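Okay, structure first, notes after.
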Number of protein chains: 2
Amino acid sequence: MTQTRKTSFQDVRDAVIRRIQDQEWPQGSLLPTELELAEEFGCARATVNRALRELAERGIIDRKRKSGTRVCVAPVKQAKFEIAVTRHTVEETNAQYRYSLVDRKQLEAPEWLRARLGLGGVQPALHLRSMHYADNQPFQYEDRWIMLDTVPDAETENFEIIAPGEWLVSRVPFSDAEIVFSACAADETLGRFLGTPTGTPLFQVERTTWFQGQPVTYVRLTFQPGYSMSTRY
Amino acid sequence: MTQTRKTSFQDVRDAVIRRIQDQEWPQGSLLPTELELAEEFGCARATVNRALRELAERGIIDRKRKSGTRVCVAPVKQAKFEIAVTRHTVEETNAQYRYSLVDRKQLEAPEWLRARLGLGGVQPALHLRSMHYADNQPFQYEDRWIMLDTVPDAETENFEIIAPGEWLVSRVPFSDAEIVFSACAADETLGRFLGTPTGTPLFQVERTTWFQGQPVTYVRLTFQPGYSMSTRY
DNA sequence: CAGTGGTCTAGACCACGGT
DNA sequence: CCGTGGTCTAGACCACTGG
């Protein structure tokens, strides 16, 4: 059964991709207009538009009114990482997850934290340090500050059972965030909790989060030695 | 002048975001159908559809036929990193870029590389090692393998002027890739080229690239000490 | 089976930005 | 000015999937 289905936006998108790969439309060259493509593919202009819009979002083509659509010369690769709560990251590897609170203190936000959040003045904050284990092996050390002016409920939560990350996502629907990936050396504390010698190179993620313009939390997640994050695109 | 413009998909999108943030539609709850929202906002269903589709792509809502649209319970954050060629990364910081080839050898692809690329048998490859400098300070050490069966032109290119990354993006329109972020310790070679003691923790990116199913290149980019990658979402 | 999202259409008007 | 993409509409049919 060779079905003669209606041309979908995916057909158009894939055909365009193929032509770019085959250098039929080389880098920097101008594509036909939406109307011309719609005629060629026998579909509505809206269908072509959706296909091309998707490719533009992926950084493959560049669209401008009046000038038209061009193939990007130096396509900027976009790598998308999915950041889940630590429990899910661990359980996805079929390992048993365990969480343990190390320390909980209510303090004033230190100078460096206020600077990072763009705040002046005195700010009450909760400082939490905790460990995440996979199959009882150290997986991740978490050092977190929660801003109590933004999330006052945190003051009465002891965080002995539920990890602060999970507690927060259940309270704060979603938020703006800045995320930083880097390498650091294990200091004495990290070495002790992650079971590795001082000086071991470790992968770390820092995340700063705002909700409706208010600072929610800053967290530094340091992973077990050898950990890596990967993705495809 | 309070313009009474037509409701756009962005208006709908932002209104939905606001209602989720305000917990008017709590996590896990069911949203009205597209038709109901279209009536409420006084627009076409297609407009609502586009707004909600965008939120679904961002992982904020979950859509299923027949069951409807729900607010995600544990929104998986998506961090999108833009990966450009090293020259652009350097020049964006207003630093002067310099590239220098360290070593170029034509070899058979070693066992570990063939395994990573999912290849058996003998495969000719080009092994390139090079340095990228920002304002004459070591910025990044690059260790790259190019598969000559896929990119035969590389055999006659000496790579003394143009960096292999830039040369490749001008040849291979775009491609599938796997990218891995991790931390490593400077070995003797890295320490020498990056001007840092052996053992220094370094941030590194590995990327493996295919074009139309054929392996193009594997590269390991190791950054100067203290380097980090960041993004917002 | 029937409700809900997924998509396509044909047409219209708008908005940006070269010429 | 006017060509090109950007978006909206009203309607239609399709496809998945829960009941």
Side-chain angles (χ1 to χ4, degrees), chain A residues 1-17 19-20 25-73 75-76, chain B residues 1-17 19-20 25-73 75-76:
Chain A
M1 299 270 282
T2 53
Q3 299 223 51
T4 54
R5 302 185 29 65
K6 214 173 276 186
T7 19
S8 73
F9 76 94
Q10 303 173 6
D11 297 333
V12 178
R13 180 195 59 195
D14 294 345
V16 171
I17 288 179
R19 291 186 192 181
I20 295 175
W25 293 329
Q27 294 182 41
S29 66
L30 198 60
L31 268 62
T33 65
E34 293 190 345
L35 215 47
E36 289 166 344
L37 287 172
E39 280 170 22
E40 180 192 337
F41 287 104
C43 66
R45 183 167 80 93
T47 306
V48 174
N49 182 275
R50 176 156 177 197
L52 296 186
R53 183 153 35 86
E54 195 175 307
L55 296 181
E57 275 167 15
R58 284 165 59 178
I60 291 166
I61 59 178
D62 191 33
R63 320 196 71 197
K64 271 185 201 152
R65 285 162 163 158
K66 170 73 180 180
S67 3
T69 301
R70 287 181 183 283
V71 181
C72 284
V73 179
V76 174
Chain B
M1 298 275 280
T2 53
Q3 301 221 52
T4 54
R5 303 185 30 64
K6 214 174 277 186
T7 21
S8 73
F9 76 94
Q10 303 174 6
D11 296 334
V12 178
R13 180 195 60 194
D14 294 345
V16 171
I17 288 179
R19 291 186 192 181
I20 295 175
W25 293 330
Q27 295 182 43
S29 66
L30 197 61
L31 268 62
T33 67
E34 292 190 346
L35 215 48
E36 289 166 343
L37 287 172
E39 281 171 19
E40 181 192 336
F41 286 106
C43 65
R45 183 167 80 95
T47 306
V48 174
N49 181 275
R50 176 156 177 199
L52 295 186
R53 182 155 34 85
E54 195 175 307
L55 296 181
E57 275 167 15
R58 284 165 58 178
I60 291 167
I61 58 178
D62 191 33
R63 321 196 71 196
K64 272 185 202 154
R65 284 160 161 155
K66 171 74 177 179
S67 4
T69 301
R70 286 182 184 283
V71 181
C72 284
V73 179
V76 174

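Naming convention: chains lettered A, B, ... in sequence-line order (proteins, then strands); numbering from 1 in each chain. What you are looking at is a predicted structure, and each value in this text was computed from that prediction instead of being measured.
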## Note on the structure
Residues passing the side-chain hydrogen bond (donor to acceptor under 3.5 Å, both in side chains) test with B/E34, sequence neighbours excluded, are B/R45, B/N49, B/R63
### Task
Send over the distance from A/F9 CZ to C/dG5 C1', rounded to a whole Å.
13 Å
### Task
State which residues pass side chain to side chain contact (heavy atoms under 4.5 Å, CB included) with B/P26; sequence neighbours excluded, sorted by chain then number.
B/S29
### Query
To the nearest 0.5 Å, what is the distance between CD1 (A/I20) and CG (A/L55)?
6.5 Å
### Query
Taking atom P of D/dT7 as reference, at what distance in whole Å does atom CZ of A/R50 sit?
13 Å
### Message
Is A/T47 close enough to C/dT9 that one of its side-chain N or O atoms is under 4.0 Å from OP1 or OP2 there?
### Response
yes
### Query
Once you round to the nearest 0.5 Å, how far does CD1 of A/I60 lie from CD1 of A/I17?
5.0 Å
### Task
Round to the nearest Å and state the distance from A/E34 atom CD to D/dT7 atom P.
10 Å
### Partners passing side-chain hydrogen bond (donor to acceptor under 3.5 Å, both in side chains) against B/E39 (at least two apart in sequence or in another chain)
none
### Query
Among residues 53-73 of chain B, which contact DNA chain D at a heavy-atom distance under 4.0 Å?
B/R65, B/K66, B/S67
### Query
C/dT7 C1' sits how many Å from A/N49 CG, rounded?
14 Å
### Query
Rounded to the nearest 0.5 Å, how far apart are CD1 of A/I61 and CD of A/E57?
10.0 Å
## Note on the structure
What residues 35-46 of chain A contributes to the DNA chain D interface at heavy-atom separation below 4.0 Å is A/R45
### Message
Does B/T7 form a side chain to side chain contact (heavy atoms under 4.5 Å, CB included) with B/T47? I'd like the steps, not just the answer.
### Response
CA-CA 8 Å; B/T7 21; B/T47 306; 5.8 Å; no
### d(CD, A/Q10; P, C/dC8) in whole Å
7 Å
### Query
Residues two or more places apart in sequence or in another chain: which of them pass side-chain hydrogen bond (donor to acceptor under 3.5 Å, both in side chains) with A/R13?
A/E54
